[in-house]
Amino acid sequence: MPTILREGPYRFFFYSNDREEPPHVHVQRDDRVGKFWLDPVRLQRSGGLQRAELRRIARIIERDREYLRETWNEYFHR
């Protein structure tokens with residue numbers, strides 16, 4: 001599961017078996033892991049992250065969505 005972005009306390013990554021799902025990113029802080037779809041950016045699973053954090057994470061994903069999509073496509077050879 002490659003880390004593709006770090007910002008503050010957040011680690012953004014993919015699982016290698018995510019190939020069959022639409023583009024998305026997992027976000028970890030401590031022992032909490034949320035999941036966001038990329039097109040459009042929306043929360044799929046909060047994983048125990050608080051609402052304010054989820055809004056902050058969504059803004060980060062919106063800002064870096066193009067990079068995240070490109071990285072997804074390269075990783076999964078799409």
> Yes or no on side-chain contact (heavy atoms from CB on, under 4.5 Å) for Phe12 and Arg6, after CA distance, side-chain angles and deciding distance?
Replying inline: CA-CA 6 Å; Phe12 297 76; Arg6 287 191 184 270; over 6 Å; no
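- Within the 4.5 Å cutoff, the side chain of Ile4 has heavy atoms near those of the Phe14 side chain.
- When ring centroids are compared, His24 and Phe36 stay outside the 6.0 Å threshold.
- Using a 4.5 Å heavy-atom threshold, the side chains of Pro22 and Trp37 count as touching.
- Between His26 and Arg45, the closest side-chain pair of non-hydrogen atoms falls below 4.5 Å.
- Gln28 contributes a side-chain N or O that, together with a main-chain N or O of Asp30, makes up a donor-acceptor pair within less than 3.5 Å.
- The shortest distance between side-chain heavy atoms of His77 and Arg19 falls below 4.5 Å.
- A donor-acceptor distance shorter than 3.5 angstrom exists from the side chain of Glu53 to the backbone of Gln50, with no hydrogens or angles considered.
- A donor-acceptor pair under 3.5 Å is formed between the side chain of Arg65 and the backbone N or O of Leu38.
- Here Glu70 contributes atom CD and Asp64 contributes atom CG; the two are 11.0 Å apart, rounded to the nearest 0.5 Å.
- Using a 4.5 Å heavy-atom threshold, the side chains of Asp18 and Trp72 count as touching.
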Extract all donor-acceptor atom pairs below 3.5 Å that involve side chains of residues 54-62 and protein atoms in other chains or at least two apart in sequence.
from	atom 1	to	atom 2	distance (Å)
Arg56	NH1	Tyr10	OH	2.8

> Does the pair Val33 and Val27 meet the rule for a side-chain contact (heavy atoms from CB on, under 4.5 Å), with working shown?
Replying inline: CA-CA 5 Å; Val33 179; Val27 184; over 6 Å; no
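- A salt bridge links Lys35 with Glu21: at least one charged nitrogen is closer than 4.0 Å to a carboxylate oxygen.
- Side-chain contact between Ser16 and Tyr75 is present, with at least one heavy-atom pair separated by less than 4.5 Å.
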